[in-house]
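Only one structure is covered here, and it is reproduced in the block below.
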Protein chains: 2
Amino acid sequence: MTPRIDPEPSLHDEAARAGWLYYVGGLTQDQIARELGVSRQRAQRLVSRAVAEGLIHVRLNHRIGVCLDLEQALTDRFGLTRCRVAPGLGAGGDAVRAIASAAAGELERFLRMEEPSVVAVGTGRALRGMVDAMEDGIEAGQHRLVSLIGNIAPDGSASFFDVVMRLADKVHAPHYPMPVPVISPTPEENAAFHALPPVRKVVDLARKADVVFVGVGQMSNDAPLLKDGFVSRAELDEMQAAGAVGEVAGWVFDAQGQYLDLGTNRRTGGVRVEPGLDRPSIGIAAGETKVSAIRGALLARIVNGLVTDEPTARALLA
Amino acid sequence: MTPRIDPEPSLHDEAARAGWLYYVGGLTQDQIARELGVSRQRAQRLVSRAVAEGLIHVRLNHRIGVCLDLEQALTDRFGLTRCRVAPGLGAGGDAVRAIASAAAGELERFLRMEEPSVVAVGTGRALRGMVDAMEDGIEAGQHRLVSLIGNIAPDGSASFFDVVMRLADKVHAPHYPMPVPVISPTPEENAAFHALPPVRKVVDLARKADVVFVGVGQMSNDAPLLKDGFVSRAELDEMQAAGAVGEVAGWVFDAQGQYLDLGTNRRTGGVRVEPGLDRPSIGIAAGETKVSAIRGALLARIVNGLVTDEPTARALLA
DNA sequence: AAGCGATGTGAGCAAATGATCGCTATATGA
DNA sequence: TCATATAGCGATCATTTGCTCACATCGCTT
């Protein structure tokens, strides 16, 4: 009579169940081991696997007063439309982790709208963290997701580009990668790509996006662009000398948020986020090293919304 | 220059921050203590306070296969429109805790709709848990919340009735309590209440609700109605003898889900959930002792949707 | 002002946890 | 076929955690 139940509790299932019993049920790992009929060590491993694989999501259901104050102060100072400040994670903490769930909440907010819209996204660790922190089960098929940044890397590595893809995968929305090199060897090659009709289509879509989510990269010596091999050391030096402090979607700007007309900016393939957009343009970024980059982006209104963490917020206001 | 920040980190704020550092940041309590400048013991107390007060919410981001199978089986067997099965919490686990977040998700689903609607809710521990497990920050001002059950208790205790109130409070929606006794001393008194125009208005609202959320109570010797003093032992005996196995919103039914025409049912003040509604009527209930009550409600289609836990689901199918 | 209860605090301690190590089984590929 | 990598497992052990107890503090009542 009982229907066919219990095929093969996959490893994921077992881990999820262990995590559930641990965090929701409050059982000890010993009890979980007994419940699942495994050794305590295995139970412990299942629990940590559940955490590591992001099966367990923790959210804080209380807006800490100080963070609200900081949000208000940032909003006033930079004329933002949206602002979220997550509590910091202490000295050695990972800023990306701190802001991931707040950023996820911000994105979910847009994805849940019934009105079909176009969501443009950049790349970077922060955005990646945001997507990972999103809840499962959100269906956003009515929206279109478009990448702001080229998806052809010099070394062919794709790890940099899977933010849109992962997101599209997660919410079952159509997505439009931008089929151009992140940064072309020459301005001419870049122009050749942009002359192609399919490329133009994606570019047009990105330009009319209803909302933009981007990370903000610093242009100091630990610049993501350098680490990922998109700019050479020499070019970085050149742009630093010209005042470069940050970049958004690969486009480099100075301390006032003015895009520079040199270096890689002449060969960057992606769509530039124009300053002063009338639609939301949300920056997701935190970390001591990014402060002047973020400030530049805010000053020129390359972004008019911000998700950051507490120490970064304080530094921006200082 | 720095704006006025740091008035008084309230106890809640501190607890929230400690919980954040612990669960999101992964710091040890010792590190948290140092970070916050308190003793380790205080840090530990703050963390547990954060959990106890529901500041920390844990969600499982993975639907365990077995639970999906059970949902399908229940849906097929009882012709449900919606069904969620949460993993069980093991032998000594609290069933309410297990289903709270799944139920919250189900309710949030409705509240997030833009279309204004009327949401009718019952009472009980399960619904209370559901509301507590809801995320903060959901705005549902477009909906109206109406209580199915009277809000006048024999002993004047209000703890039983604050489900609608807490919910309304949380999502900032208007709410309509039902200003009648849960159970009147006589049918006549009950009728007198229902003749009053303001009462009729609420009753009409409840009757046309677009979605109904109710708990399911058992009528065994540990019946909630008995424990809360709404029925006497003698009446319970009488109804049990007549086949009573469960109740929804105070209305008692038998194993087939047929409402009985005796005992308190002649004096119950609230609105009866009619069998076979064409709109969603979601039962939130789990626990071994409730199985036959739930089965009755399902068979007669007093509820056409169910949120329960794994062992209960298995028992319902057995 | 003394008494009293509620609340909070730190020390100590037992239990729970998670990291490490060496072992085994399985796969991978030359 | 064999060598080697890889992953999982149980045992051991240092660290982390949360509980209990004895005491201090504060506010309120008598």
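Heavy-atom basis, side chains included; hydrogens, waters and symmetry copies ignored. Treat the numbers as computed from the prediction; the structure is a model and nothing was measured. Sequence lines set the chain letters: A, B, ... in the order given, protein chains first and strands last, and positions in each chain run from 1.
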Requested in this report: Would you kindly give the CG-to-P distance between A:D30 and C:dG18, to the nearest whole Å?
Outcome: 13 Å
Report task. Determine, step by step, whether B:E135 and A:E135 satisfy the side-chain contact (heavy atoms from CB on, under 4.5 Å) criterion, reporting the C-alpha distance in whole Å, the side-chain angles of both residues, the deciding distance to 0.1 Å, and the verdict. Result -> CA-CA 12 Å; B:E135 255 179 74; A:E135 254 178 76; 3.3 Å; yes
Query raised in the report: Taking CD from B:Q44 and C1' from D:dT15, how many angstroms apart are they, rounded to a whole number?
Result: 15 Å
Query - Rounded interatomic separation in angstrom, taking CZ from B:R40 and P from D:dG18 - result: 9 Å
Report task. Could you go through the side-chain contact (heavy atoms from CB on, under 4.5 Å) check for B:Y22 and B:S48 one step at a time? Result -> CA-CA 10 Å; B:Y22 191 69; B:S48 51; over 6 Å; no
Query raised in the report: Just how far, in rounded Å, is C1' of C:dA19 from CZ of A:R42?
Result: 18 Å
Query raised in the report: Counting side-chain heavy atoms from C-beta on, which of C:dT9, C:dA16, D:dT17 comes nearest to A:T28?
Result: C:dA16
Query raised in the report: D:dT15 C1' sits how many Å from B:Q31 CD, rounded?
Result: 12 Å
**Report entry** Between C:dA15 (P) and A:L27 (CG): distance, integer Å
**Finding:** 18 Å
Query raised in the report: Are any of B:Y22's side-chain N or O atoms less than 4.0 Å away from OP1 or OP2 of D:dT17?
Result: yes
Report task. Measure the shortest side-chain to side-chain distance between A:R63 and A:E71 over non-hydrogen atoms and say whether it is less than 4.5 angstrom. Result -> yes
Query raised in the report: For D:dG10, does OP1 or OP2 lie under 4.0 Å from any side-chain N or O of A:S39?
Result: yes
Report task. Figure out the CD/P separation between A:Q41 and C:dA16, and round it to whole Å. Result -> 14 Å
Report task. For the side chain of A:Q29, starting at C-beta, report the closest nucleotide among D:dT12, C:dG18, D:dT17. Result -> C:dG18
Query raised in the report: Quick one: A:R45 CZ to D:dA7 P, roughly how many Å, whole number?
Result: 13 Å
Query raised in the report: Could you walk me through whether B:H62 and A:D13 pass the side chain to side chain donor-acceptor pair (under 3.5 Å) check?
Result: CA-CA 8 Å; B:H62 177 85; A:D13 282 4; 2.8 Å; yes
Report summary line: Closest of D:dG8, D:dA11, C:dG8 to the A:R49 side chain is D:dG8
